[in-house]
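Both ligands and their constituent atoms are indexed starting at 1 by order of listing.
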Amino acid sequence: MKRLFATLLLFISVCKSYADEGMWLPLLLGQQVYADMVKRGLKLTPAQLYDINKASVKDAIVIFGGGCTGEIVSNEGLIFTNHHCGYDAIATASSVEHNYLRDGFWAYNKSQEIPARGLSVQFLLKIEDVSEEISPALDGLSADERAKKQSELIATLNQKYSDVSKNIEARVSPLFKGNQFLVFVYQRYTDIRLVGTPPESIGKFGGDTDNWEWPRHTGDFSVFRVYAGKDGNPSAYAEGNVPLKPKYFLPVSIKGYKDGDYAMIFGYPGSTNRYESSYGIQLATEINNPSLVNLRDVRLKAMFGEMKKDPEVKLKLASMYAGVANYWKFYDGETKQLLKYRIYEKKQEEENKFIQWAKGKPEFENIFTEWSKVYSAWKPYAKHRVYLNEGILGSQLAKFTATLVKLESDMLKQGVDATVVKQGLEAADAARKNFLDAENKVSDQQILAATCRMFYNDIDKNQHPIGFYESIRSAYGDVKEAETYNKWAAAVFSNSMLLNDAKWQAFVARPNAATLQNDPAYIYAGGFVKNYTGKYDPFFQQFVLKNNDLGRLYLKGIMQMDPKRKMYPDATFTMRVSYGSVKSYTPRDAVKYDYVCTMKGVLEKYVPGDYEFDLPAKLVELAKKKDFGQYIDKHVNDLVVCFITNNDITGGNSGSPVIDGTGNLIGLAFDGNYEALSHKLAFDKDMNRTICVDIRYVLWCIDKLGGAANIISELKLVKQ
Ligand code: ARG
């Protein structure tokens, strides 16, 4: 414990005044960061922010689902999060007849709430430093041994801190790239119900056109509730479960705020890599990002073409489409900003300084020579890996089929236990049902054809699976022609047993490897996956191992070289606090972006019938009448819809509470701005903004538009 405290306090205490960069650990806000927070306008004590014995703000913050944040806003377990975080649950609850995704949904009493099966939330119970139980045992080990030992020790500690009987799960997170270790202990609740959502035309207003851009006018929120057994403990869904009485919930302020006011965000930023090497930046801008963007572009066009035609297809593909589109635009923007801000060159400058400092220090002096070799060894295969994951396996048929590789090898093994094969088949049968439920054949067949062709054109011929493209040529024609792949894909879709119930059931009844090996979908997906795992994945594993180890050493060196440098650990999907202010900005010469946008702008963007900019008739009617009730902002004399702050957040923070200086909720963070899409790798203090939906717009939608006064009356409203 002491070791981490001592080191961290040192990093922290020597930094005087900060910009707004930093994803701080709630237990280690430290005197200097705390003092700076106070200077910026925080009125709470450190114990009101984080305390493991008494109720504190941290008790109101949850991990929502697999990759978002949510916050508790009533003493009956009411949760606010983003619409895009509830999106999958909303789409799953919807049907063509009860289309909640399109029309919205409001529960006017608890019996109308809809169980969201498979969804869970996790409360953070405590964080403890376990560095002493890991780091000394790793000293002096090689990269291989270290990685192995580290995961063993982490697994043991995870088990030690977990308690399955109470749904308590512990996860040790390596921080500062493995220079520190903290255990995060969570309790998971699995009975989560949908309480309300605006129509998608509000929750996703502006669609992908406005995504990652300011100004945007999106009501990106949804409302859920966490239930527990009668004793307050986690319980699987049961009718008799009761709303959870939380340790703490956030009051909601409708007072409004001004440019420059204090704002902090608690939540779960997923990943950043602020000490990435220049080699990593180059790999991203030259190979990884553009490849991903090109492949996703093709997949998105194929899906969109079908979603437009049919509401059922739209519901089926909506959630996957949104996820693919979100990071398609992200990585395209990331590349542009990395180049524009010359991040590669800036990293090189920093590295040159380090290299000078490291001369004569055996632990550090060879880092960059080594690193350069590690990247050169991996680079020839990097594109192949992206083309496999984002291209070949971007077809859902191929992705499902590729999961059968293990079944094939089990069937081929001499003397393998028959129950192993049987279990594999049962799992495959269940997975096939899920795959078919979500499958849209028309778009998937187009994706299969297009991505197979892209692989042929763009990947080094020496890396192609042996014989595959020759067999396409002999059966379907010129491998340069798109039409050849269309014919081939059509044949795969009509002949594969994976898409044919009778053939599949015959296979399940009398399984044998040859049937699988002769299936055209398997020949393809299995072939590409085995080609990669057999020949190229070993290079990748070596790359990851060495890259991680050099990254750890580099960071260790930086901390020694420059002990005054402001340090906070990279995001690891563990709870963080970011503090800063509501803040306007100047994206480029002569342009100034205001810190709020309003209903006036919603109406300006409105395009009736448009896929992204349509609006519910009732919203237009109420907005034209300026019927904003107690939610109006008196300064702008309009309803504020969204606002921006200079907080440091990233994906995973979606749904995070934006909290004012006195601990009240003023908005939900839901996006980042285009000018700072390089933020995972380099924080830009002038450009970086967090985009938030104003809580008054959220409440207006619930109250005026949805008529769900029952939800409003559960909240603790702060009016002055
Ligand atoms: N960019 C947002 C984020 O990653 C998600 C926005 C979802 N909306 C969309 N149009 N895809 O937090």
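For Glu213 and Asn673, the side-chain atoms include no donor-acceptor pair closer than 3.5 Å.
Every atom of ligand 1 with a heavy atom of Lys204 under 4.0 Å away is listed here by number and element: 9 (C), 10 (N), 11 (N). For ligand 1, the atoms sitting less than 4.0 Å from at least one non-hydrogen atom of Trp212 are 1 (N), 3 (C), 4 (O), numbered in the order shown with element in parentheses. The distance from ligand 1 to the heavy atoms of Asp208 drops below 4.0 Å at these ligand atoms: 9 (C), 10 (N), 11 (N).
In this structure, Lys605 is not positioned above the aromatic face of Phe613 in the sense of NZ or CZ being under 6.0 Å from the six-membered ring centre and within 45° of the axis. In this structure, Arg296 fails the cation-pi test against Phe304, since its NZ or CZ atom is not both closer than 6.0 Å to the six-membered ring centre and inside 45 degrees of the ring normal.
Contact annotation: for Phe670 versus ligand 1, heavy atoms closer than 4.0 Å belong to the backbone alone.
Protein heavy atom at the shortest distance from atom 6 (C) of ligand 1 is Asn211 OD1, 3.2 Å. Nearest protein neighbour of atom 12 (O) of ligand 1, counting heavy atoms only, is Ser654 OG, 2.9 Å. Looking only at heavy atoms of the protein, atom 4 (O) of ligand 1 is closest to Asn326 ND2, 2.9 Å.
Of all heavy-atom pairs spanning Ser271 and Lys680, the tightest one is O-NZ, 2.9 Å.
Heavy atoms of Gly207 come nearer than 4.0 angstrom to ligand 1 in at least one pair.
The existence of a salt bridge linking Arg171 and Glu169 is confirmed by a sub-4.0 Å separation between a basic side-chain nitrogen and an acidic carboxylate oxygen. Salt bridge status for Arg385 with Glu390: absent, with no side-chain N to carboxylate O gap under 4.0 Å.
Residues Val596 and Asp633 fail the side-chain proximity criterion, which asks for heavy atoms closer than 4.5 Å.
Among the atoms of Arg216, none of the N or O lies under 3.5 angstrom from an N or O of ligand 1.
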